[in-house]
Amino acid sequence: MSVNRKPYQLVSREWQPEDTIIDIGGTKIGGANFAIIAGPCAIENEQQVSTICDFLAKCGVRMVRGGAFKPRSSPYAFQGLKEEGLVLLKQAADKNQQKIVSEVMEVATIPIVAKYADVLQVGTRNMQNYPLLKALGKIDKPVLLKRGMSSTIEEWLLAAEYILSGGNKQVILCERGIRTFNNDTRNTLDLGSLALVKTLTHLPVIADPSQGTGVRDLVIPLSKAAMAAGSDGLIVEIHNHPENALSDGEQSLYFDQFKTLLEQIKAYARLEHRNIQLSSNTEDISV
Ligand code: PEP
Ligand code: MN
């Protein structure tokens, strides 16, 4: 009798049946929790990042995102403020006791990003950057691993396996849309795969409806769909002036849209018995 063995091990539900729950300064990702991460695509200046972080704090958001090392398709596009940007994000986040998610693109800059960020994001273009994955296996901080835009589930889970096998068990997977024949949306948010991955791995899996659609008006419906599909949270782009954003403005939410998103997602969380991870909502809504 042949046994159909999976090529990955440490990330699998067979290895660990119970959900991994990652605690980032009190915000829990995994299990019955539903985490909300939000912020600009890129850190642009002091005023932009502090306005956005202050607004998010008022909404109860305890984890903010913002890219300082940006992987842009064009070499002529804004590449990010690098360490200067991380300093600005850290100042704005610290003021509001928020934790930081920011992207790291190469091994050499891990120490700089890790100095400021609480979670290191690996972008879709680097999901198979194996030297980077191996190096992140050696750090003591959570890693947010985006799915490669043309990656199979197996390739994605094997990328996570690289990090776990290096010793770092704190990996959060992120479905951010894949390339399909359809180009009316920027990507196709693959919620079927998200639901499937939840059965294959104990690691938390969140959704990025911003990169996943490229269209701000699709972020709310796809956020609700992601929760229904079993997502452990959302990472969402927001901007104080999306029309002037230096990257991804067309998929960045306006502040009032973000408020609507939270109102609706809170109602869905109650329905799904999820503990939404917002500071304004400390009551335990799980039954
Ligand atoms: C981003 O989060 O802004 C980003 C560049 O993500 P991705 O790697 O999914 O394109
Ligand atoms: Mn972006």
Side-chain angles (χ1 to χ4, degrees), residues 35-44 48-49 52 56 61 63-75 77-82 85-86 89 99-106 109 113 117-129 132-133 136 142-151 155-156 159-160 163 171-180 183 185-191 193-194 197 205-216 218-219 222-223 226 231 233-254 258:
I36 310 270
I37 305 165
C41 178
I43 303 150
E44 299 173 5
Q48 173 240 19
V49 75
I52 296 172
L56 291 171
V61 174
M63 286 190 70
V64 290
R65 61 150 291 155
F69 293 90
K70 293 300 300 174
R72 304 305 301 281
S73 300
S74 165
F78 175 58
Q79 303 286 308
L81 294 181
K82 320 243 165 21
L86 291 168
L89 180 57
K99 298 293 171 191
I100 291 174
V101 180
S102 200
E103 178 159 356
V104 63
M105 295 203 293
E106 52 180 331
T109 50
V113 180
D118 302 286
V119 177
L120 279 71
Q121 174 176 323
V122 176
T124 192
R125 294 161 184 82
N126 273 312
M127 190 206 81
Q128 289 178 311
N129 179 340
L132 182 63
L133 300 177
L136 291 171
V143 175
L144 179 71
L145 179 65
K146 299 250 194 143
R147 180 182 181 185
M149 63 182 91
S150 303
S151 295
E155 287 164 341
W156 188 17
I163 303 172
V171 174
I172 303 152
L173 298 171
C174 177
E175 165 57 42
R176 51 79 66 201
I178 53 169
R179 280 284 168 85
T180 68
N183 53 15
T185 53
R186 183 180 182 188
N187 291 290
T188 296
L189 191 66
D190 188 3
L191 294 179
S193 287
L194 187 151
V197 168
V205 189
I206 67 169
D208 178 343
S210 307
Q211 329 298 322
T213 63
V215 180
R216 76 170 66 82
L218 298 180
V219 169
L222 270 293
S223 294
S231 183
L234 299 171
I235 181 164
V236 172
E237 289 182 347
I238 174 172
H239 200 285
N240 49 335
H241 294 295
E243 41 296 307
N244 301 333
L246 296 181
S247 68
D248 289 350
E250 56 300 325
Q251 67 194 34
S252 299
L253 295 183
Y254 290 107
F258 187 78

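One-based numbering, in listed order, for ligands and for the atoms of each. The figures that follow rest on heavy atoms only: side chains count, while hydrogens, waters and symmetry mates do not. All of these numbers come straight from a predicted model, not from anything done at the bench.
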message = Can a side-chain donor-acceptor contact be found between Gln48 and His241 if the only test is distance below 3.5 angstrom?
response = no

ask   = Should the pair Asp248-Arg186 be classified as a salt bridge under the 4.0 Å nitrogen-to-oxygen rule?
value =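 So Asp248 pairs with Arg186 through a salt bridge.
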
request  = List the steps, then state whether side-chain contact (heavy atoms from CB on, under 4.5 Å) holds for His239 with Tyr254.
outcome  = CA-CA 6 Å; His239 200 285; Tyr254 290 107; over 6 Å; no

query = Of Val171, Ile206, Val122, which meets side-chain contact (heavy atoms from CB on, under 4.5 Å) against Leu144?
reply = Ile206

query = Does the side chain of Asn126 reach to within under 4.5 Å of the side chain of Leu133, using non-hydrogen atoms?
reply = no

query = With side chains defined as the heavy atoms from C-beta onward, is the minimum distance between Glu106 and Phe69 less than 4.5 Å?
reply =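 They are not in side-chain contact.
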
request  = Apply side-chain contact (heavy atoms from CB on, under 4.5 Å) to the pair Gln211 and Thr124, showing each step before the final yes or no.
outcome  = CA-CA 10 Å; Gln211 329 298 322; Thr124 192; over 6 Å; no

request  = List in chain and number order the residues that pass salt bridge (Lys or Arg N to Asp or Glu O under 4.0 Å) with Asp190, two or more places apart in sequence or in another chain; answer none if no residue qualifies.
outcome  =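 For Asp190, the residues satisfying salt bridge (Lys or Arg N to Asp or Glu O under 4.0 Å) (neighbours in sequence not counted) are Arg147.
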
request  = Report the residues that fulfil side chain to side chain contact (heavy atoms under 4.5 Å, CB included) with Glu155, sequence neighbours left out, ordered by chain and then residue number.
outcome  =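 Side chain to side chain contact (heavy atoms under 4.5 Å, CB included) check on Glu155 returns Met127, Gln128, Ser151, Thr152.
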
Write out each pair where an N or O from ligand 1 and one from the protein are under 3.5 Å apart, with the distance.
unit_1	atom_1	unit_2	atom_2	d
ligand 1	2 (O)	Arg65	NH1	2.8
ligand 1	2 (O)	Arg65	NH2	3.3
ligand 1	2 (O)	Gln121	NE2	3.1
ligand 1	2 (O)	Lys146	NZ	3.0
ligand 1	2 (O)	Gln211	NE2	3.3
ligand 1	3 (O)	Arg65	NH2	2.9
ligand 1	3 (O)	Lys70	NZ	3.0
ligand 1	3 (O)	Gln211	NE2	3.4
ligand 1	3 (O)	Glu237	OE2	3.1
ligand 1	6 (O)	Lys146	NZ	2.9
ligand 1	8 (O)	Thr124	N	2.8
ligand 1	9 (O)	Lys146	NZ	2.9
ligand 1	9 (O)	Arg176	NE	2.6
ligand 1	10 (O)	Arg125	NH1	3.2
ligand 1	10 (O)	Arg176	NH2	2.9

task = Just the protein N/O/S atoms under 2.8 Å from the Mn ion (ligand 2), please, no waters.
result = Cys41 SG, Glu237 OE2, Asp248 OD2

